[in-house]
Every structure is written in structure tokens, then in C-alpha cells.
Amino acid sequence: MILPPEFYARKPVEVARDLIGKVLVRLMDGRRVSGRILETEAYGGSDDPASHAFRGKTRRNAPMFGPPGRAYVYFVYGNHFCFNVVTAGVGAVLLRSVQPLEGLDIMKKLRGTEDEENLASGPGKLTRAFGITPDFNGLPLCRETGLFIEDDGTRLEVRRTPRIGISRGTERKWRFVGEWRLGQDSNLRPPG
DNA sequence: TGCTCGATTGTCT
DNA sequence: GACAATCGAGCAC
């Protein structure tokens with residue numbers, strides 16, 4: 001089932017935690033490119049010094065001030081794009097890494113590598129592998145836009161850690177990492 | 001108008 | 001482990 005807008009209309013920390021184990025899906029030329037979300041980070045509004053929204057609304061962070069359930073895509077380090085989903089409270093959740101499930105050939109082509117372990121194991125790699133560009137900035141996550149997140153019933157163990165790659169607000173443990181629990185049904189285990 | 005630095009990655013040592 | 005690549009947003013002046 002595709003996550004509805006209500007899913008995103010909560011605090012960024014709750015959305016970030018609950019997105020672990022969900023499936024990011026991109027429809028490309030009638031084909032599915034998808035991966036299970038393994039790593040997220042929550043960013044708040046004016047109360048979070050690490051957030052782009054900390055200093056108020058600008059042209060770049062405008063999507064964060066809009067309705068929840070939309071994409072916030074921004075350019076960083078002169079090379080890469082990062083993909084976020086907008087939550088309630090002028091918040092956002094950064095998708096840091098996914099485990100590739102479908103359309104691996106497309107991901108390999110877009111990433112220019114055959115290494116399946118590293119296709120989408122980072123914020124910049126993820127946007128590249130899924131063909132997520134600024135064209136999606138501000139668009140709702142639904143079937144119509146070809147970019148959305150599904151719940152396939154999989155539940156992962158969620159670990160909570162400080163956010164990484166930032167210089168402020170590091171004291172908050174707003175990074176969430178999904179881990180496969182031993183003893184689960186075999187069809188829920190990661191491949192390999 | 002100019003300068004600094006970043007929610008990163010790939011490459012080299 | 002260290003660092004260059006690369007460029008726009010945000011801030012200082």
C-alpha cells in the first residue's frame with residue numbers, strides 16, 4: 001500500500017523512524033525501481049540549528065514550508081542531490097540509504113557501477129540511482145508523480161543514533177538505521 | 001559583489 | 001585516512 005499524506009503529517013522524528021523498512025518506489029518507463037529504506041534522518045524547523053528551515057523560509061527550503069507528503073530535493077557540495085520528504089511542523093526527513101529491490105539494472109546504469117552494495121548506500125547515491133532530480137522538488141509523493149513510498153508489511157529493528165555530516169545540532173539522536181533481526185521469516189531476510 | 005562552506009562521494013595514499 | 005571536485009545558498013560588506 002502507498003503511504004497516504006496523513007503518514008507524513010506528523011513530527012519529523014516519528015516519520016523518520018516509521019519510514020525505516022518501507023519501500024521507496026520510482027516508476028521509470030513503466031518499470032519499477034525500488035529499494036527498502038534503511039537509513040533516515042529527521043530535520044526540524046526553526047528549533048533545529050541543523051535544519052535548512054532554521055533561519056526561516058527561502059527559495060531553496062520553500063517546500064519544507066508547504067504541505068506534508070511532498071518531496072524536497074536540494075543540491076549540495078556542488079555535485080550531489082539529497083532527497084527529503086516534507087513532514088508536519090516545517091520538518092523534513094532525509095533518506096540516506098536504501099537496499100535495492102527492483103530495477104537493479106536501471107540503478108547500475110544511472111550510477112555507472114555494478115557494485116550492488118553501493119548502488120544507493122548514501123544520500124547522493126540514492127538520488128542518482130533513482131533518477132531523482134530537482135524536477136521532483138515540491139511534488140507530492142503519489143502514483144501520479146511516479147515517486148512514492150510503500151508499506152509492504154516488513155518490520156525492521158530500528159536503531160537510533162546522532163545525525164552525521166552536520167556541524168550543528170549533533171546532540172540530537174535523530175538518525176534512524178534499520179537492521180534485520182535474526183530469526184525472521186526467510187522471505188524477509190536480505191538477499192545473499 | 002565577493003566569500004565561505006556545505007544534510008557527499010570517489011579517488012589516491 | 002586525507003582530500004579534491006564543484007557550485008549555489010546565504011551572509012558580510
Side-chain angles (χ1 to χ4, degrees), chain A residues 8 10-20 22 24 26 33 35-66 68-100 104 106-139 141 147 149 158-178:
Chain A
Y8 305 99
R10 296 177 292 151
K11 292 178 184 174
V13 172
E14 294 178 20
V15 176
R17 179 197 61 207
D18 291 349
L19 278 178
I20 298 297
K22 302 293 190 292
L24 175 67
R26 167 98 154 88
V33 176
R36 192 172 310 287
I37 298 170
L38 295 181
E39 193 180 344
T40 63
E41 278 181 5
Y43 286 88
S46 58
D47 60 333
D48 179 7
S51 171
H52 287 172
F54 182 58
R55 294 173 202 284
K57 185 177 179 180
T58 65
R59 205 168 74 172
R60 175 171 71 153
N61 66 25
M64 288 184 71
F65 289 78
R70 299 195 176 209
Y72 170 39
V73 182
Y74 67 87
F75 186 62
V76 72
Y77 288 115
N79 290 306
H80 308 286
F81 295 107
C82 287
F83 171 54
N84 302 250
V85 297
V86 177
T87 70
V90 195
V93 175
L94 170 70
L95 267 60
R96 292 192 62 91
S97 78
V98 307
Q99 170 197 15
L104 269 69
I106 297 179
M107 294 191 200
K108 290 176 182 176
K109 194 174 172 184
L110 288 173
R111 285 273 289 117
T113 176
E114 292 291 313
D115 186 355
E116 299 188 0
E117 293 294 312
N118 290 315
L119 283 179
S121 57
K125 302 179 201 176
L126 184 154
T127 53
R128 191 78 182 274
F130 279 74
I132 297 174
T133 66
D135 292 342
F136 286 97
N137 197 31
L139 294 185
L141 302 178
L147 182 65
I149 300 175
V158 179
R159 203 154 46 94
R160 200 172 165 163
T161 80
R163 293 176 292 186
I164 58 181
I166 57 174
S167 55
R168 290 170 304 201
T170 52
E171 74 284 358
R172 302 179 191 212
K173 297 175 78 169
W174 282 10
R175 173 170 174 257
F176 298 87
V177 182

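What you are looking at is a predicted structure, and each value in this text was computed from that prediction instead of being measured. Sequence lines set the chain letters: A, B, ... in the order given, protein chains first and strands last, and positions in each chain run from 1.
What you find for A/Cys82 and A/Pro123 is that their closest heavy atoms are SG-CB, 3.9 Å.
Counting heavy atoms from C-beta on, the side chains of A/Ile132 and A/Phe81 never come closer than 4.5 Å.
Side-chain N/O atoms of A/Arg96 include one lying less than 4.0 angstrom from OP1 or OP2 on B/dT8. When the side-chain nitrogen and oxygen atoms of A/His52 are compared with OP1 and OP2 of B/dA7, one or more of them lie within a distance under 4.0 Å. OP1 or OP2 of B/dG6 sits under 4.0 Å from a side-chain N or O of A/Ser167. For the OP1/OP2 pair of C/dC11 and a distance below 4.0 Å, the side-chain nitrogens and oxygens of A/Arg55 include at least one atom meeting the criterion.
Across all strands, A/Ala50 comes closer than 4.0 Å to base atoms (heavy-atom distances). Within 4.0 Å of A/Phe75, counting heavy atoms only, lie sugar-phosphate atoms of the nucleic acid but no base atom. Among the atoms of the strands shown, only primed sugar atoms or phosphate atoms (P, OP1, OP2) are found under 4.0 Å from some heavy atom of A/Arg111.
With B/dG10, B/dA7, B/dT8 as the candidates, the nucleotide lying closest to the side chain of A/Tyr43 is B/dA7. With B/dG10, C/dA9, C/dA5 as the candidates, the nucleotide lying closest to the side chain of A/Arg60 is C/dA9. Of all nucleotides listed (C/dA5, B/dA7, C/dA9), C/dA9 comes nearest to the side chain of A/Arg59.
Between A/Asp48 and A/Arg163 there is a salt bridge, with a side-chain nitrogen of the basic residue lying less than 4.0 Å from a carboxylate oxygen of the acidic one.
If you check distances only, the side chain of A/Tyr74 does reach the base of B/dA7 with a donor-acceptor pair under 3.5 Å.
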